[in-house]
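Structure record follows, encoded as structure tokens.
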Amino acid sequence: MTVTKQQLHEAVLAHKDDLLTLCQRLIQIKNQSPIDDQQPALDFVRNYLAEHGIDSEQIVADAGEDYPVVYARIGSDEGFRVVLNGHVDVVPVGNLDGWDFDPFSGEIRDGKILGRGTSDMKCGLAVLLFSMAMLNESGADLKGDIRLHVVCDEEIAGPGTKWFCENGYADGANAVMVGEPTGHDTIEIGQKGILHLTLTAHGTPGHGSTGNYKGDNAITKLSRVLLNIDDITAVPGHFLDSQARALKNSRIIAERTINHPLVGNVIDHCSANVGIIEGGGKINQVPDLATAKIDVRLPCGCKHEDVVAAVDAMIAKSGATGVEASYEWIAEGNYTDDESKLVTSLKANIEQVWGEECLPAYQWASSDAAHYRKLGAPTIQFGPANNDGIHGYNEDVDVIDVVHAAEIYMMSLCDMLGVE
């Protein structure tokens, strides 16, 4: 008898304890990046897949032997093609005194799973693995295939996902689902681009005792330029009429998430963070060189020439001379149409399971999703999350969020792969 979408949904609920155990076992693996060895986590993933009849391969990719990737595939050669993407690595826990519990316990308490990586993104990864395993064992007639991409270098901005995309492992994908943390009220359907801007100020050295009168201080010169950083954040994106709904949703989600009266502007304008300032060699010497490295995030449709013009304007406004800008353009703003089959299916299933409205929206940050969208593949991010603890102390996630995410992934995979 052919297995149905409803039966698979019911099977997720019947086996939810297995899902939660999988989450706990992943969290208990101590693989902080870049501190710890990532191999134990990759071995665990491959062993889990093998236990459920799925062959996988570990491949040395561009990041070398310390950061390999894992690839697996189920389904048929013809039909709809889905990629599931996740990472095993987690950020360091920091000072243990800041935690109210063991960050590698995976303990379940008061309806929450506790530990580093619960939200980012070991529980999301568990949902991907669990869904793939259950579909494989069910004997469901998949009208297409599912390809799993697992990397272990995401938290150090490594090239794992980019390598998958550049080496044919995502070719022909009709949908990509990344299990990164979002919570259930949104589907992330777009991300901002990235520009690394370096400002370099050149001065003239002199003795510090006469620094107000002799020499040309590169640090103070640079500081005058940085006072005009708002010239960059004023640069807008350029959006199509078809993006109006997603743009409105994005401002709503930003305002829900970050308590600041103007935070909605982060969606449709550039952001600029002065992350590193370097300059000077001795306290008693007028510095002749200073640099500032600025992380600029670019909204969809942002034009390079608009950013360059804004930077030129901030330098001119300062009145400083001898300051130059250099640019490292890393990624463009990118998005998936909110009417694609991937998005509409996922949205409908989220709203059915949670009984609440879900808003497909653009994220104010950037992610590996850009690599798939560059290939033309509709790509979303959706996963269980409590955002407050991500990359901080006391990270956790609600049990119900994890279970519902597994229901939603299963139902959406059924929709796309023809399981009725």
Side-chain angles (χ1 to χ4, degrees), residues 32-35 63 91-92 94-95 98 153-159 191-237 258 260 262-263 265-266 269-299 302-333 364-367 370 391-392:
Q32 305 163 101
S33 186
I35 298 172
V91 298
N95 185 355
D153 61 0
E154 194 274 345
E155 296 293 3
I156 56 171
Q191 275 78 29
K192 296 179 87 170
I194 308 176
L195 158 65
H196 288 170
L197 166 65
T198 300
L199 295 176
T200 303
H202 300 275
T204 304
H207 197 283
S209 64
T210 57
N212 303 97
Y213 309 99
K214 185 178 180 181
D216 186 16
N217 192 308
I219 292 177
T220 56
K221 182 184 294 189
L222 180 63
S223 68
R224 293 200 302 272
V225 175
L226 293 176
L227 288 175
N228 301 306
I229 196 75
D230 287 349
D231 285 359
I232 298 177
T233 60
V235 176
I258 302 172
H260 191 284
L262 300 177
V263 73
N265 293 334
V266 77
H269 288 75
C270 288
S271 64
N273 178 64
V274 183
I276 300 173
I277 294 179
E278 297 175 325
K282 295 183 66 179
I283 192 172
N284 63 344
Q285 183 182 35
V286 176
D288 64 345
L289 187 69
T291 61
K293 295 184 182 297
I294 304 169
D295 177 8
V296 181
R297 301 300 171 104
L298 311 167
C302 180
K303 299 178 181 178
H304 289 189
E305 55 266 33
D306 292 342
V307 178
V308 172
V311 173
D312 289 345
M314 68 184 280
I315 295 172
K317 190 184 298 184
S318 74
T321 58
V323 180
E324 60 190 30
S326 60
Y327 304 87
E328 184 183 1
W329 304 97
I330 296 175
E332 304 283 352
W364 50 84
S366 310
S367 80
H391 288 205

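These values consider heavy atoms only, across backbone and side chains, with no hydrogens, waters or symmetry-generated copies. Just so we're clear, the structure is a prediction, and the values are computed from it rather than from any experiment.
- When Asp231, Thr321, Val225 are each tested for a side-chain contact (heavy atoms from CB on, under 4.5 Å) with Ile315, only one passes: Val225.
- Taking 4.5 Å as the limit, every side-chain heavy atom of Thr291 sits out of range of all side-chain heavy atoms of Leu199.
- Trp364 is listed as a side-chain neighbour of Ile258, based on a closest heavy-atom distance under 4.5 Å.
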Using side chain to side chain contact (heavy atoms under 4.5 Å, CB included), reason through Val311 and Tyr327 one step at a time and then give a plain yes or no.
CA-CA 10 Å; Val311 173; Tyr327 304 87; 3.4 Å; yes
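- In this structure, the side chain of Asn217 engages the main chain of Thr220 through a donor-acceptor pair within 3.5 Å.
- Here CD1 of Ile219 is found 9.0 Å from CD1 of Ile277. Values are rounded to the nearest 0.5 Å.
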For side chain to side chain contact (heavy atoms under 4.5 Å, CB included), just list the numbers for Cys302 and Val235, CA-CA rounded to whole Å, side-chain angles, deciding distance to a tenth of an Å, and then say yes or no.
CA-CA 8 Å; Cys302 180; Val235 176; 3.9 Å; yes
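- Under the 3.5 Å distance criterion, the side-chain polar atoms of Lys192 are matched with a main-chain donor or acceptor of His269.
- In this structure, Pro159 and Asp153 have side chains that are in contact, with non-hydrogen atoms separated by less than 4.5 Å.
- The closest side-chain heavy-atom distance from Cys270 to Arg297 is not below 4.5 Å.
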Determine, stepwise, if the pair Asn273 / Val296 fulfils side chain to side chain contact (heavy atoms under 4.5 Å, CB included).
CA-CA 7 Å; Asn273 178 64; Val296 181; over 6 Å; no
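- The line from CD of Glu328 to CG of Leu197 is 11.0 Å long, rounded to the nearest 0.5 Å.
- Judged purely by atom type and a 3.5 angstrom limit, Asn228 uses its side chain to pair as donor or acceptor with the backbone of Met314.
- His207 places none of its side-chain heavy atoms less than 4.5 Å from the side chain of Val286.
- Side-chain contact check for Leu289 versus Thr200: some heavy-atom pair is nearer than 4.5 Å.
- Here the side chains of Leu298 and Val307 are in contact, with some heavy-atom distance below 4.5 Å.
- The shortest heavy-atom contact between Ser366 and Gly193 is OG-O, 3.6 Å.
- Asp306 contributes atom CG, which lies 12.5 Å from atom CD1 of Ile232 (distance to the nearest 0.5 angstrom).
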Determine, stepwise, if the pair Glu332 / His304 fulfils side chain to side chain contact (heavy atoms under 4.5 Å, CB included).
CA-CA 10 Å; Glu332 304 283 352; His304 289 189; 3.0 Å; yes
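- Atom CG of Leu226 and atom CD1 of Ile294 lie 5.5 Å apart (nearest 0.5 Å).
- To the nearest 0.5 Å, the span separating CG on Leu222 from CZ on Arg224 amounts to 10.0 Å.
- If you take NZ on Lys317 and CG on Asp312, they are separated by 12.5 Å, rounding to the nearest 0.5 Å.
- The main-chain N or O of His202 is found under 3.5 Å from a side-chain atom of Lys221 such that the two form a donor-acceptor pair.
- Scanning all heavy atoms of the two residues, the minimum distance from Thr233 to Ala272 falls at CG2-N, 3.9 Å.
- When side chains are defined from C-beta on, Ser33 does not count as touching Val91, because their heavy atoms never get closer than 4.5 Å.
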